[in-house]
Every structure is written in C-alpha cells, then in structure tokens.
**Student:** 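My questions all concern the structure below.
Only a predicted model underlies this, so the values are computations on that prediction, with no experimental measurement involved. Just so you know, residue 1 is the first one in the sequence shown, and it goes up from there.
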Amino acid sequence: MAGVRRRRALGLLALGASAATAGALWPTASDDRRVVAGRLGSPGRNSTGSTRSAAPTGPVPVVRENQAPGITWPPTAGRRPGVNDRRRQIQGYASATSVAHGETVDFHVAVDPAGPYRITVVRLGWYGGAGARELLTSPELTGGPQPLPVPHPETGALVCRWPVSWTLRIPDDWTSGLYQAIFTSAEGWRGYTPFVVRDDRRAAALCVVVPFTTYQAYNQWPMDGTVGRSLYYGYRHGVLDYERRSFDVSYDRPYAGEGWPKHLDRDHDFIRWAEKRGYDLTYATTEDLHTGRLAPARHRGLVFCGHDEYWSRAMRIAAERAVAAGTSLAFLAANSVYWHIRLSPSADGRPERLVTCYKTSPDPGTDAAGATTQWRAVAPDGSDAEQRLLGIQYNGIVPTPQPLVVAAAEHWFWAGCGVADGDRIPGLVGGEADGTVSRNPHPAGVTGVTLGTASYQNRYRQQRTQKTHLYETPQGGVVFAAGTLFWTMALHRTGHRDERVERATANLLDRMIRS
C-alpha cells in the first residue's frame, strides 16, 4: 500500500508540471469562437412550453483545445506488432468510465515480463488533423504479471482484482473529451484503455454520449481460445461459441488485444469531424446517463454517435423524458437501444461495474425494469420496442454496403446538399441497418419523415428496407436516427467521406442547437 501511495504522489507531481505546460500552449480567450444564445435569449420556457437551458455563451473549450499541437493518432511510429491476449505483454483497465475535474481514476496494469513501464494520457479530437493531443506521462512505474480471473460459475463474469498501479487526479483545466491511457513497457509494447473526462461545471450546447455499455458487451477479453467471455461468446474447444457466452461482463478487466474497444473508431470519426467544425461539445458516458450524472436538460441535444446497442431502463427513461422536455437526440448509427441491460456494482460496492444481459436465457434477476432481453420483447405487447423512441428499429445485417437513396430532398435536413429525390449516396448503408415495423409503436403525437432508404438482403437472404428517419416533437426538439453503422465514416474516414452527409449532419446539429 505504501508503494501505491508513493506512485500516486509522484503522479500528482507530474500532473502539475504537465498542466502548466499545456496551459502555456493554449491561445488567449480572444482567439476563441463564441456561441451566442441567439433567438432563445435567457433560460426559461420557449413558445412550445418546454423548459430547457438556453444555448451557452462565452468561449468554446473544444475550440481552444484543438488549437494546441496534436500527435498522430492512432500512433504508428516505432510500433511493435499488437499486444495479444495469449502473451498479455502489457494490458490494463481503469476504475471508472468517466471522471470529472478534481476526481481520480485508478489504473490497474499487468506487465509480462515484469519490469518498468509508463502511462501516457492523450485526448482524442481534431488537432489540425493529427487526431489526438498528449497531456502527460506518468513517472516510471514497475509492474509484473497478474492472474487471469476464474469465470463466475453461474454468470461467467471475469473480474480482475489487480492492484492499483497508478492514480490520476483530473486537472481542472482539462477539456471534456474521450481520453486514452497508453501503457508502454520498457520493451516498447503498448496497451490502451479509454475513459471520458466530464465537465460538470459547464452546460455545453451538445453532449456526446460515449457507449461504454456496448464497448463492454463486445469485449471478448482475453481472446485466448479458452477463458475469454463477452455477452456474445465464450470458447468451446478453442472456437467461439454463443452458448458459452457470459451473462455478466465486468469493467474490471482490460479490453481485448491492444485495448481498443470494438466500434470506438466510429465514435472517433464523429469526434474528429465535430471538433474540426468547432461545435460546442461536452462528453459523458452511457453510465452517466444511467445514473443521472448526465442531466439531458442541461444541453440542447445529446449525440449518440457510435454503436449504442445496450441500454438500461434508467437510460431509456432519461432519454424519453429528455425528448418530452424538448431536448433533441441524434443517433448516428444503427441497432441502437436494442438490448435491455442491468448495471450493477462490483462485489466491493463500486457502482456501475457489471453489465448484465441474459438475452435468450431465462433471467433470474428479472425485476420491475423487466428481463434483460431485446427491448421489443421486454413488454408482452411490444410497447418497449426501440422504434417508440427512435422512430425506426434494427432490421438486419447488411452483408454488402448499399447506396442510400435520398427521399424528402426538400426537407431542411438536406438543405444545401444539392440532392434530389432518388439521388444515391454510394456505400452509406452498411454493417447493420434499421427500418420500420408496422406492428410496433411509433413515437406518439408526431409525424416522422423518411430521409433516405436502401434495399438490401440480410444474411438470411431476406429482403429488407433500411430507413434514415427524423421526427420533430411538439416541444420543439428533433430525434434523428441514421439507420446505418456507416454514417460517421462518411463524415471523416478516407474512402468513405461524403460532403452531402457532412452538410446534412451539420444541418441536423445546427437545428438541434437552435431548437
């Protein structure tokens, strides 16, 4: 324990120097872009009767932050082959998915062979196209191998109980965002783990919600052919097997391989694009929406930019109440709000450290929130189907990317895009897709609009129709669902970028901020 306290003290000393250096790199406030409240004026009730915060005024922290020098992300110089889950050269996990200024986050790191290592913290963003900025590096630390956990006999949960390796206190001047801790061994091996820095002091216009519940659901750590478990698979005779999946997955373990959660790149595509354009953003996690640390009414809109598949009842209630109060929601992917989950504390009482989803099995923990199954199956009458919130719902995997055929080209969403009904945006519908199901409920009291469609055959060769959908609420907000996993790729990624999708997304975010 004394060693841990010493490492923590050294970490805090390093932080002070790093924060001072970072501050020196920032331009003066006079160089910042400013957001003006516009037609809304001061906070209060708007003409529709909803109560929402006014658009914030003053310097935009994300704009200032992105004027600092960046580093190439993902890093490529001098890289070894990736860390793997059989050798586990260096891997680690964080004690929380999000932390606010002044709070601390612990990192738990295993190193094999034992020896010195360091932890570097970077923030993901635009930074002139570089993609990230380095904030600090820890003192030299010493680590060694740590044991693999034994699966829980009933749920299959893998819970690491590795000691604290280093504790980081979040400096008051760090900009809210998606961060990565990089664990680098003396031999040059690198492992990663993500976390979010919240800003609980300032209500930005838009809050980006990072889908850590879905990150963890897909986490197959360790991918060793024997022990690894996710909510999808376990192993049988070295082969992934759905019947051996876990019913609980724990945040107290690394992410598989190098530590990149599956689908994080979709979030980063949006983050780079939105920060380049200077939107007033703050960041939170799905766990923050679950607990109420994220209060939707503080923002003009919430942006769910990545693959956001796993939702608790508390998350669903928070989102529905936000819509009813006039807050806008943008879902820039597909297959959102698909699985109902429970979030539970760890054995030692730390909150939101276990994700539970039994899926097709009987759920022994069923409570007033319902069984952990597909949302459309939670209530016998289908009244919890995700379509009731989103306007559309998951309808299949798209084996081959398809063009989105533009519809309602006169709608404000497509303004300035230079499109007409029937125009095709190549390759925009891919991965997974959403559509409508007539027997399931639609959002009450609103009329939605289909902005684009695609026809495709799912993996069972069944014909399906994808839809990109938007509806406006009586309270003045909008709810948009892209209906494809490829939307954010079209904002930034080389080979996928499309200026029409960029302009339409800007129209959407601008409308969310003004509404």
**Student:** With distance as the sole test, does Gln466 use its side chain to make a donor-acceptor pair with the main-chain N or O of Ala454 at under 3.5 Å?
**Tutor:** yes
**Student:** Around Arg201, counting heavy atoms of other residues, nucleotides and ligands shown, do more than 12 lie under 6.0 Å from its CZ?
**Tutor:** yes
**Student:** Find out whether the Lys NZ or Arg CZ of Arg245 is both under 6.0 angstrom from the six-membered ring centre of Tyr242 and within 45° of the ring's axis.
**Tutor:** yes
**Student:** Identify whether the distance between the nearest side-chain nitrogen and carboxylate oxygen of Asp252 and Arg350 falls below 4.0 Å.
**Tutor:** yes
**Student:** Is a side-chain donor-acceptor pair under 3.5 Å present for Tyr232 with Tyr218?
**Tutor:**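 Per modelled atom types, Tyr218 and Tyr232 side chains form a pair under 3.5 Å.
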**Student:** Got more than 12 heavy atoms from elsewhere within 6.0 Å of CZ, Arg388?
**Tutor:** no
**Student:** How far apart are the C-alpha atoms of Glu258 and Arg190, what are their side-chain angles, what is the distance that settles it, and do they pass the salt bridge (charged side-chain N to carboxylate O under 4.0 Å, His left out) test?
**Tutor:** CA-CA 7 Å; Glu258 291 185 277; Arg190 290 178 180 172; over 6 Å; no
**Student:** Could you check whether any side-chain heavy atom of Asp112 comes within less than 4.5 Å of a side-chain heavy atom of Arg87, counting everything from C-beta outward?
**Tutor:**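 Yes - at least one pair of side-chain heavy atoms lies under 4.5 Å apart.
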**Student:** Side-chain donor-acceptor pair under 3.5 Å between His307 and Arg266, yes or no?
**Tutor:**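 No.
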**Student:** Would you say the side chains of Thr167 and Thr104 form a donor-acceptor pair under 3.5 Å?
**Tutor:**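 On atom types as modelled, these side chains do not qualify, holding no pair under 3.5 Å.
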**Student:** Sequence neighbours left out, what passes side-chain hydrogen bond (donor to acceptor under 3.5 Å, both in side chains) with Trp273? Give chain and number order.
**Tutor:**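 Trp273 satisfies side-chain hydrogen bond (donor to acceptor under 3.5 Å, both in side chains) with Glu502 once adjacent residues are dropped.
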**Student:** Without hydrogens or angle criteria, can the side chains of Thr282 and Asp199 be said to hold a donor-acceptor pair below 3.5 Å?
**Tutor:** no
**Student:** How long is the gap from CD1 on Ile317 to NE2 on His290, to the nearest 0.5 Å?
**Tutor:**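 Going from the CD1 atom of Ile317 to the NE2 atom of His290 covers 10.5 Å.
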**Student:** So, the side chain of Thr468 versus the backbone of Leu451: is there a donor-acceptor pair under 3.5 Å, distance only?
**Tutor:** no
**Student:** Taking only residues two or more places apart in sequence or in another chain, which ones pass side-chain hydrogen bond (donor to acceptor under 3.5 Å, both in side chains) with Gln393?
**Tutor:**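 Residues passing side-chain hydrogen bond (donor to acceptor under 3.5 Å, both in side chains) with Gln393: Asn440.
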**Student:** With no hydrogens and no angle check, do the side chains of Thr285 and Glu287 hold a donor and an acceptor under 3.5 Å apart?
**Tutor:** yes
**Student:** For the residue pair Tyr283 and Asp288, confirm or rule out a side-chain donor-acceptor distance under 3.5 Å.
**Tutor:** no
**Student:** Less than 4.0 Å between a side-chain N and a carboxylate O, is that true for Arg313 and Asp384?
**Tutor:** yes
**Student:** For Trp375 and Arg316, run side chain to side chain contact (heavy atoms under 4.5 Å, CB included): C-alpha distance rounded to whole Å, both residues' side-chain angles, the deciding distance at 0.1 Å, then the answer.
**Tutor:** CA-CA 10 Å; Trp375 271 104; Arg316 180 77 180 262; 3.3 Å; yes
**Student:** With rounding to the nearest 0.5 angstrom, report the CG to SG distance, Leu148 to Cys160.
**Tutor:** 7.5 Å
**Student:** Hey, mind stepping through Arg298 and Asp200 against salt bridge (charged side-chain N to carboxylate O under 4.0 Å, His left out) and telling me if it holds?
**Tutor:** CA-CA 10 Å; Arg298 298 182 71 221; Asp200 295 342; 5.2 Å; no
**Student:** I'd like to know if the side chain of Asp308 reaches the main chain of Thr214, judged simply by a donor and an acceptor atom lying under 3.5 Å from each other, with no hydrogens or angles considered.
**Tutor:**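 Pair absent, no side-chain N/O of Asp308 close to backbone of Thr214.
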**Student:** Assess whether a salt bridge exists between Glu386 and Arg376, defined as any Lys/Arg side-chain N lying under 4.0 Å from an Asp/Glu carboxylate O.
**Tutor:** yes
**Student:** Using the side chain to side chain contact (heavy atoms under 4.5 Å, CB included) rule, take Val501 and Ile425 through it: C-alpha gap first, then chi angles, then the decisive distance, then the call.
**Tutor:** CA-CA 9 Å; Val501 178; Ile425 301 179; 4.1 Å; yes
**Student:** Considering residues, nucleotides and ligands other than Phe247, do more than 12 of their heavy atoms fall under 6.0 Å from its CZ?
**Tutor:** yes
**Student:** Examine distances only and state if a side-chain atom of Ser346 and a backbone atom of Arg353 form a donor-acceptor pair shorter than 3.5 Å.
**Tutor:** no
**Student:** Does the ring of Trp174 carry Arg123 above it, NZ/CZ under 6.0 angstrom from centre and within 45° of its axis?
**Tutor:**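 Cation-pi check for Arg123 and Trp174: fails.
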**Student:** If we ignore angles and hydrogens, is there a donor and acceptor under 3.5 Å between the side chains of Arg198 and Ser98?
**Tutor:** yes
**Student:** Nearest 0.5 angstrom please: Cys207 SG to Leu329 CG, how far?
**Tutor:**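 Rounded to the nearest 0.5 Å, the SG-CG separation comes to 11.5 Å.
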**Student:** Evaluate the criterion ring pair (Phe, Tyr, Trp, His ring centres under 6.0 Å) for residue pair Trp260 and Trp73; output intermediate values, then yes/no.
**Tutor:** CA-CA 13 Å; Trp260 297 90; Trp73 192 266; 5.5 Å; yes
**Student:** A side-chain contact here means heavy atoms from C-beta on lying under 4.5 Å apart; do Ile513 and Tyr279 qualify?
**Tutor:** yes
**Student:** Do Tyr93 and Asp106 meet the criterion of a side-chain donor-acceptor pair at a distance under 3.5 Å?
**Tutor:** no
**Student:** Supply the atom-to-atom distance Arg300 CZ to Leu206 CG, rounded to the nearest 0.5 angstrom.
**Tutor:**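 So the gap between those two atoms works out to 10.0 Å.
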**Student:** Can a salt bridge be assigned to the pair Arg493 and Asp269 using a cut-off of 4.0 Å between side-chain N and carboxylate O?
**Tutor:**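 Looking at Asp269 together with Arg493, the answer is yes, because their closest N to O distance falls below 4.0 Å.
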**Student:** Could you point out which residue of Leu264, Asp267, Leu124 forms a side chain to side chain contact (heavy atoms under 4.5 Å, CB included) with Pro194?
**Tutor:**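 Answer after filtering Leu264, Asp267, Leu124: Leu264.
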**Student:** Going from CD on Glu187 to OH on Tyr117, what distance comes out if it is rounded to the nearest 0.5 angstrom?
**Tutor:** 14.5 Å
**Student:** Please lay out, stage by stage, how Gln146 and Trp162 fare under the test side-chain hydrogen bond (donor to acceptor under 3.5 Å, both in side chains).
**Tutor:** CA-CA 7 Å; Gln146 296 294 336; Trp162 300 350; 4.7 Å; no
**Student:** Take His101 and Val197, measure what side chain to side chain contact (heavy atoms under 4.5 Å, CB included) needs, and give me the verdict at the end.
**Tutor:** CA-CA 7 Å; His101 300 106; Val197 171; 4.2 Å; yes
**Student:** Aromatic ring centroids of Phe413 and Phe480 under 6.0 Å?
**Tutor:** yes
**Student:** Mark yes or no for whether His152, through its side chain, and Thr155, through its backbone, hold a donor-acceptor pair below 3.5 Å.
**Tutor:**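 Yes, His152 side chain to Thr155 backbone: donor-acceptor pair under 3.5 Å.
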**Student:** Indicate whether any N or O donor in one side chain lies under 3.5 Å from an N or O acceptor in the other, for Arg503 and Asn507.
**Tutor:**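 Checked: Arg503/Asn507 side chains pair up, N/O donor to acceptor below 3.5 Å.
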**Student:** Testing Leu141, Val111, Ile90, Thr120 one by one against Phe183 for a side chain to side chain contact (heavy atoms under 4.5 Å, CB included), which residue passes?
**Tutor:** Ile90
**Student:** Taking atom types as modelled, is there a side-chain donor on Gln91 or Arg253 under 3.5 Å from an acceptor on the other?
**Tutor:**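 No donor-acceptor contact under 3.5 Å links the two side chains.
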**Student:** Can you confirm whether the side chains of Gln220 and Ser230 place a donor and an acceptor under 3.5 Å from each other?
**Tutor:**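 Short answer, yes.
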**Student:** Inspect the contact between Arg293 and Glu352 and indicate whether a charged nitrogen and a carboxylate oxygen are less than 4.0 angstrom apart.
**Tutor:** yes
**Student:** Is there a donor-acceptor pair under 3.5 Å between the side chain of Arg244 and the backbone N or O of Tyr235?
**Tutor:** yes
**Student:** Counting N and O atoms only, with roles assigned by atom type, does the side chain of Asn66 sit under 3.5 Å from a partner on the main chain of Tyr127, one being a donor and the other an acceptor?
**Tutor:** yes
**Student:** If we ignore hydrogens and angles and just use 3.5 Å, is the side chain of Glu432 paired with the main-chain N or O of Gly430 as donor and acceptor?
**Tutor:** no
**Student:** How many angstroms lie between CG in Leu289 and OG in Ser312, if you round to the nearest 0.5 Å?
**Tutor:**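 These two atoms lie 7.0 Å from each other.
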**Student:** For side chain to side chain contact (heavy atoms under 4.5 Å, CB included), just list the numbers for Thr286 and Phe304, CA-CA rounded to whole Å, side-chain angles, deciding distance to a tenth of an Å, and then say yes or no.
**Tutor:** CA-CA 9 Å; Thr286 40; Phe304 302 91; 5.7 Å; no
**Student:** Excluding sequence neighbours, so at least two apart, what forms salt bridge (Lys or Arg N to Asp or Glu O under 4.0 Å) with Asp85?
**Tutor:** none
**Student:** Hey, does the side chain of Asp434 reach the backbone of Asn335 with a donor-acceptor pair shorter than 3.5 angstrom?
**Tutor:** yes
